[in-house]
S.K.: 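Next up is a structure, given as structure tokens.
In this chain, numbering begins with 1 at the start of the sequence shown.
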Amino acid sequence: LTTSLLGELRGAIFATVSTTALRKISTQVYAHLHSLDLQFHLDRQTGALTNIMERGTRGVGMALSILLFNVFPVGLEMLLTCVI
């Protein structure tokens, strides 16, 4: 029971952190795209830019997930092992 409860709590915390981080990054990317001159947008394929941005957003979410659920716990475990 506590394992599933902790898993749900972890998921809820991660969802909040991940959503906030992805929202900030996406806002910065869109602001940068809007600041570019018209010639840039005329020379580029807008569909390709959208796909690149979507893949980047998913990549950041995956990197956050790996850091939070794999790297951080292992580092904490190693630290606690060395201290004890």
Side-chain angles (χ1 to χ4, degrees):
L1 180 66
T2 58
T3 304
S4 63
L5 181 64
L6 289 176
E8 291 296 322
L9 181 63
R10 180 180 70 172
I13 291 171
F14 176 71
T16 305
V17 171
S18 176
T19 303
T20 303
L22 293 177
R23 187 180 325 121
K24 287 181 180 181
I25 291 170
S26 296
T27 302
Q28 290 175 354
V29 168
Y30 281 114
H32 176 70
L33 282 176
H34 284 291
S35 70
L36 296 173
D37 61 346
L38 179 62
Q39 193 59 41
F40 174 82
H41 294 287
L42 292 176
D43 292 341
R44 298 281 179 172
Q45 296 176 348
T46 56
L49 282 175
T50 304
N51 288 336
I52 290 169
M53 288 174 25
E54 184 64 31
R55 280 186 298 199
T57 303
R58 274 188 270 139
V60 169
M62 184 177 293
L64 282 173
S65 174
I66 290 170
L67 282 172
L68 187 64
F69 296 131
N70 294 336
V71 175
F72 180 70
V74 170
L76 182 63
E77 184 178 352
M78 288 175 60
L79 178 70
L80 290 175
T81 303
C82 290
V83 169
I84 296 173

S.K.: What's the separation between atom CZ in Arg10 and atom CD in Glu8, rounded to the nearest 0.5 Å?
M.R.: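 Reported value, rounded in 0.5 Å steps: 10.0 Å.
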
S.K.: Under 6.0 Å from the OH atom of Tyr30, do we count more than 12 heavy atoms belonging to anything else shown?
M.R.: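 At most 12 heavy atoms, drawn from other residues, nucleotides or ligands, come within 6.0 Å of this atom.
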
S.K.: Which pairs of donor and acceptor atoms, one on a side chain in residues 64-84, lie under 3.5 Å apart (sequence neighbours left out)?
M.R.:
from	atom 1	to	atom 2	distance (Å)
Thr81	OG1	Glu77	O	2.7

S.K.: My understanding is that only residues two or more places apart in sequence, or in another chain, count here; which of them pass side chain to side chain contact (heavy atoms under 4.5 Å, CB included) with Thr50?
M.R.: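 In terms of side chain to side chain contact (heavy atoms under 4.5 Å, CB included), with neighbours along the sequence ignored, Thr50 is linked to no residue.
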
S.K.: Contact between Val60 and Leu22 at the side-chain level, heavy atoms closer than 4.5 Å - yes or no?
M.R.: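 Touching, per the 4.5 Å side-chain cut-off.
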
S.K.: Looking at every heavy atom in both Thr16 and Thr20, which two are closest together, and how far apart are they?
M.R.: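 Shortest heavy-atom separation between Thr16 and Thr20 comes out as O-OG1, 2.9 Å.
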
S.K.: Rounded to the nearest 0.5 Å, what separation is found between the CZ atom of Arg23 and the CD1 atom of Ile25?
M.R.: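 It comes to 12.0 Å.
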
S.K.: Kindly work out whether a path of hydrophobic side-chain contacts (I/L/V/M/F/W/Y, heavy atoms less than 4.5 Å apart) joins Val29 to Phe40.
M.R.: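 Val29 and Phe40: one cluster.
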
S.K.: Distance check, rounded to the nearest 0.5 Å: Thr57 atom OG1 versus Met53 atom CE?
M.R.: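 Between atom OG1 of Thr57 and atom CE of Met53 there are 6.5 Å.
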
S.K.: If I take atom CD from residue Gln28 and atom NE2 from residue His32, how far apart are they, to the nearest 0.5 angstrom?
M.R.: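 Rounded to the nearest 0.5 Å, the CD-NE2 separation comes to 11.0 Å.
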
